[in-house]
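Please read the structure below before turning to the comments.
Sequential numbering from 1 along the given sequence is applied to the chain's residues. Bear in mind that the values here come from a model prediction, so they are computed numbers and not experimental data.
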Amino acid sequence: MDAFADLLRGVRANGSVFGHSILSPPWSLRFADGAPLTLCGLLRGEGWIMAEAQAPQRITVGEAVVVRGPQPFFFVDDPATNAPAATDCGEHRAIPANGGTVHRPGRRTYGDPDGSTTLIVGAYPVRGDIGERLLKALPPVLTVPVDGDTAAVREYIAAEVALDRPGQQVVLDRLLDWLLVCTLRAWFDRPDTSAPAWYTALSDPIVGEALRLMHDDPARPWTVAQLASRTGVSRSAFARRFTTLVGQPPLAYLTEWRMTIASDLLIEPDATIADVANRVGYADAFNFSAAFKRVKGMSPSNHRSQHA
């Protein structure tokens, strides 16, 4: 496990969050229900993403777009279009009763079968502090050229939506998940983007290995000396290198990640504070509560009450 994989563990498409629209101009689709992440890709044609406080962004075949919610956004044939919004789409609205995607065995289609633009959409629920950590690392709208891994996924999706086959919804969900992960990874890897420090540090042979160790077993009582030994450098050299690349000392990073995990565990119905403390590496609830309050600004009990 690494820092990037940990953030994506809970990001999954599921059933009606997938939409497939075939459009003829003039047209306008409104995505209005505040999905935290929406993935858009074109199988043919072109269009524009219109998001709040953002310049219109043209997308064509060969690009994937991720829009960060919860603000509404539009997909239109032209920024100056006067077409009314044809449908409300999104995490909870892609159903026939709301004028959204048509659900039947096989294709989920909205619009004109002879349209010139074919749009695929996956709306993603991203919840909890772990999900919030991912969202904070993303701009409101990001666009990535489809190449390499993403090109192959797009071809699979295009072939799948053209057919009616058993289990198709599950196949499409997983393909969209694959496309989302490839798109985000490609965006973080671009030299002109401001990827978070923990992501760029993953490519460092020493700090990247330490991050993988901590994310693979966050409850282990790691020390700086142990991490340095496992990565093959001296304690001082490791601490200095980690702080420079990640922006905070190793154990401060580990504590912050543990509290992020704990934030989500605390809102599970049957989890006790002592149990959560143990699961993130604390032998007793008192020390855990002190660390949680120091990092999150409130006690575990108050955090749980706010999210009840």
Side-chain angles (χ1 to χ4, degrees), residues 1-11 36-37 39 54 64-69 124 126-145 148-150 180-265 280-281 291-297:
M1 190 61 67
D2 60 50
F4 182 58
D6 252 347
L7 297 189
L8 289 165
R9 279 189 300 175
V11 180
L37 277 183
L39 171 70
Q54 302 295 313
V65 179
V66 175
V67 183
R68 190 188 70 201
Y124 287 83
V126 182
R127 301 182 177 91
D129 273 27
I130 293 178
E132 187 64 24
R133 191 178 175 102
L134 172 64
L135 295 176
K136 286 180 178 178
L138 302 177
V141 181
L142 65 91
T143 305
V144 173
D149 292 338
T150 49
L180 177 68
V181 172
C182 291
T183 299
L184 294 180
R185 186 169 57 186
W187 184 81
F188 281 140
D189 284 341
R190 288 170 57 174
D192 59 335
T193 59
S194 300
W198 53 259
Y199 184 87
T200 56
L202 288 172
S203 61
D204 183 82
I206 294 171
V207 177
E209 177 62 17
L211 287 168
R212 280 183 280 273
L213 289 168
M214 287 189 278
H215 279 264
D216 195 48
D217 191 3
R220 183 168 178 166
W222 293 108
T223 66
V224 174
Q226 287 175 332
L227 291 167
S229 176
R230 293 286 295 271
T231 55
V233 294
S234 70
R235 184 184 184 281
S236 59
F238 168 73
R240 184 169 57 251
R241 189 176 184 128
F242 190 102
T243 303
T244 299
L245 293 181
V246 179
Q248 59 186 144
L251 297 189
Y253 176 91
L254 177 61
T255 299
E256 184 179 281
W257 178 241
R258 285 171 169 172
M259 297 307 111
T260 300
I261 298 171
S263 295
D264 290 351
L265 293 175
V280 296
F292 190 91
K293 187 172 183 177
R294 185 174 67 252
V295 174
K296 295 296 184 181

Using a 3.5 Å distance criterion without hydrogens, assess whether the side chain of [X] forms a donor-acceptor pair with backbone atoms of [Y].
X	Y	value
Arg258	Val280	yes
Arg220	Met214	no
Asp264	Ile130	yes
Trp222	Asp217	yes
Arg230	Ala210	no
Thr243	Arg240	no
Thr255	Ala252	no

request  = Kindly indicate, with the supporting measurements, whether the criterion side-chain contact (heavy atoms from CB on, under 4.5 Å) is fulfilled by Leu7 and Trp198.
outcome  = CA-CA 12 Å; Leu7 297 189; Trp198 53 259; 3.4 Å; yes
Of the non-hydrogen atoms in [X] and [Y], which two are nearest, and what is the gap between them?
X	Y	answer
Gln226	Pro221	OE1-O, 3.1 Å
Leu202	Ala3	CD2-N, 4.3 Å
Pro36	Tyr124	CD-O, 3.2 Å

Are any of the side-chain heavy atoms of [X] and [Y] separated by less than 4.5 Å?
X	Y	value
Val66	Val141	no
Val65	Leu39	no
Leu135	Glu132	yes
Met259	Arg294	no
Pro139	Trp187	yes
Phe238	Pro250	yes
Leu37	Leu134	yes
Leu138	Leu184	yes

Would you give the length of the straight line joining atom [atom1] of [X] to atom [atom2] of [Y], rounded to the nearest 0.5 angstrom?
X	Y	atom1	atom2	result
Phe242	Leu227	CZ	CG	8.0 Å
Leu180	Arg185	CG	CZ	11.5 Å
Thr223	Arg235	OG1	CZ	7.5 Å
Arg190	Leu142	CZ	CG	8.5 Å
Lys136	Arg68	NZ	CZ	10.5 Å
Ile206	Leu245	CD1	CG	9.0 Å

key: Evaluation steps, side-chain contact (heavy atoms from CB on, under 4.5 Å), between Arg241 and Val233   = CA-CA 10 Å; Arg241 189 176 184 128; Val233 294; over 6 Å; no
task = Run the ring-centre check on His215 versus Tyr253 and record whether the distance is less than 6.0 Å.
result = yes
task = Return the orientation label for the Tyr199 and Phe188 ring planes: parallel under 30°, perpendicular over 60°, tilted otherwise.
result = tilted
message = Please determine whether a side-chain nitrogen of the Lys or Arg among Lys296 and Asp129 lies less than 4.0 Å from a carboxylate oxygen of the Asp or Glu.
response = yes
